[in-house]
Engineer: 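I am attaching a structure below and will ask some questions about it afterwards.
Just so you know, these numbers use all the heavy atoms, side chains as well, and skip hydrogens, waters and symmetry mates. Because the structure is predicted, anything quoted here is derived from the model rather than measured. Numbered from 1 within each chain, the chains take letters A, B, ... in sequence-line order.
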There are 2 protein chains.
Amino acid sequence: MRRDVFQAIADPTRRAIIALIAIQAMTPNALADKFDITRQAVSKHLRILSECELVRQESKGREIYYSLEIEKMKEIDEWLSRYRTIWETRMIQLDDLLATMKKEKEDN
Amino acid sequence: MRRDVFQAIADPTRRAIIALIAIQAMTPNALADKFDITRQAVSKHLRILSECELVRQESKGREIYYSLEIEKMKEIDEWLSRYRTIWETRMIQLDDLLATMKKEKEDN
DNA sequence: TACTTGCGAAACCGACCGGTTGCGCATATA
DNA sequence: TATATGCGCAACCGGTCGGTTTCGCAAGTA
């Protein structure tokens, strides 16, 4: 099954998981305690996050610690950068407009 | 039905629609020509984009032109900024590490 | 006025999604 | 060794999703 970063962050629970494991690595049980769902449900989310390489896992005895693969988040940033250019350009244009209006007012 | 920006951008067709209407306003029919799906399917996507205010529409006779509400894209950027801080910090730490290694090498 | 065109809404359908329960397996621990 | 714990996997279930077809309405056009 081919997974997508955008699909991965679409679910609010998965975004919450991302927020938690960005701070520190956590086990599925520890995560399940935070959200009112079963450990198995968390595991499913982690599997989806794994499939699109948003998550790294490290076994420690019988426990598995999951942490965020921050590099992968850049992919979203790259996609967004195109639109960031647009709104920044608009902002500059707005600044220019305001400056022009101010100048015209002063000239009167 | 409450909609979410993250859910809206999860679908690849919707991201393609966003990319198109970011450049110029388009009608549902014009959009449908670009993707091998019916106009009605496009309309559904536009409705979802509308529900989370990612899209603005302007009627012109019997045609409706849809364009991107770029401001709403900032919401994604705000969410992402938190993680951007993390990877930028890592980058700096990596720079520091490399600088230290270089210095140590020079000292030998 | 009759016809065409652009659109949204609704009903329907197969696929997928997020959740559950119920395993089986590996790793501590008594 | 027997028992408890942490985990992934599989089966199942109701709801949602992305698509279609069908329809009705409003706006141009003959």
Engineer: Which part of the nucleic acid, if any, lies within contact of B:Thr38, taking any heavy atom under 4.0 Å across all strands shown: a base, the sugar-phosphate backbone alone, or nothing?
Structural biologist: base
Engineer: Using whole Å, what does the distance between atom P of nucleotide C:dG6 and atom CD of B:Glu58 come to?
Structural biologist: 18 Å
Engineer: How would you list all residue pairs meeting ring-ring contact (aromatic ring centres under 6.0 Å, His included) that involve residues 10-46 of chain A, not counting sequence neighbours?
Structural biologist: none
Engineer: Within residues 23-30 of chain B, which residues have any heavy atom lying less than 4.0 Å from an atom of DNA chain C?
Structural biologist: B:Thr27, B:Pro28, B:Asn29
Engineer: Below 4.0 angstrom from OP1 or OP2 of C:dC17, is there any side-chain N or O of A:Gln7?
Structural biologist: yes
Engineer: Measuring to OP1 and OP2 of D:dG8, would you say a side-chain N or O of A:Ser43 lies under 4.0 angstrom away?
Structural biologist: yes
Engineer: Looking at D:dC17, I'd like to know if its phosphate oxygens (OP1 or OP2) sit under 4.0 Å from a side-chain N or O belonging to B:Arg3.
Structural biologist: yes
Engineer: If you compare all heavy atoms of B:Pro28 against all heavy atoms of B:Leu46, which two are closest, and at what distance to 0.1 Å?
Structural biologist: CG-CD1, 4.0 Å
Engineer: Would you call A:Glu71-A:Lys74 a salt bridge at under 4.0 Å N-O?
Structural biologist: yes
Engineer: When you check the gap from the basic side-chain N to the acidic O, do A:Arg84 and A:Glu88 get nearer than 4.0 Å?
Structural biologist: no
Engineer: What does the list of N/O pairs under 3.5 Å between the protein and nucleotides 27-30 of chain D look like, with a distance for each?
Structural biologist:
| residue | atom | partner | partner atom | Å |
| --- | --- | --- | --- | --- |
| D:dA27 | N3 | B:Arg62 | NH1 | 3.1 |

Engineer: Within the structure, does a side-chain N or O atom of B:Thr13 lie under 4.0 Å from either OP1 or OP2 of D:dG19?
Structural biologist: yes
Engineer: Do side-chain atoms of B:Arg39 reach the backbone of B:Leu31 as a donor and acceptor pair under 3.5 angstrom?
Structural biologist: no
Engineer: Is the shortest side-chain N to carboxylate O distance from A:Lys72 to A:Glu75 below 4.0 Å?
Structural biologist: yes
Engineer: Between B:His45 and D:dC17, is there a side-chain N or O to OP1/OP2 distance below 4.0 Å?
Structural biologist: no
Engineer: Looking at C:dG22, does its base get a donor-acceptor pair with the side chain of A:Gln40 below 3.5 Å?
Structural biologist: yes
Engineer: Does B:Gln40 offer a backbone N or O that forms a donor-acceptor pair with the side chain of B:Ser43 under 3.5 Å?
Structural biologist: no
Engineer: Would you mind telling me which residue lines up with the more 5' stretch of DNA chain C, B:Leu46 or A:Arg39, judged by nearest nucleotide?
Structural biologist: B:Leu46
Engineer: Establish, for the pair A:Arg15 and B:Phe6, whether the NZ or CZ atom is under 6.0 angstrom from the six-membered ring centre and no further than 45 degrees off its axis.
Structural biologist: yes
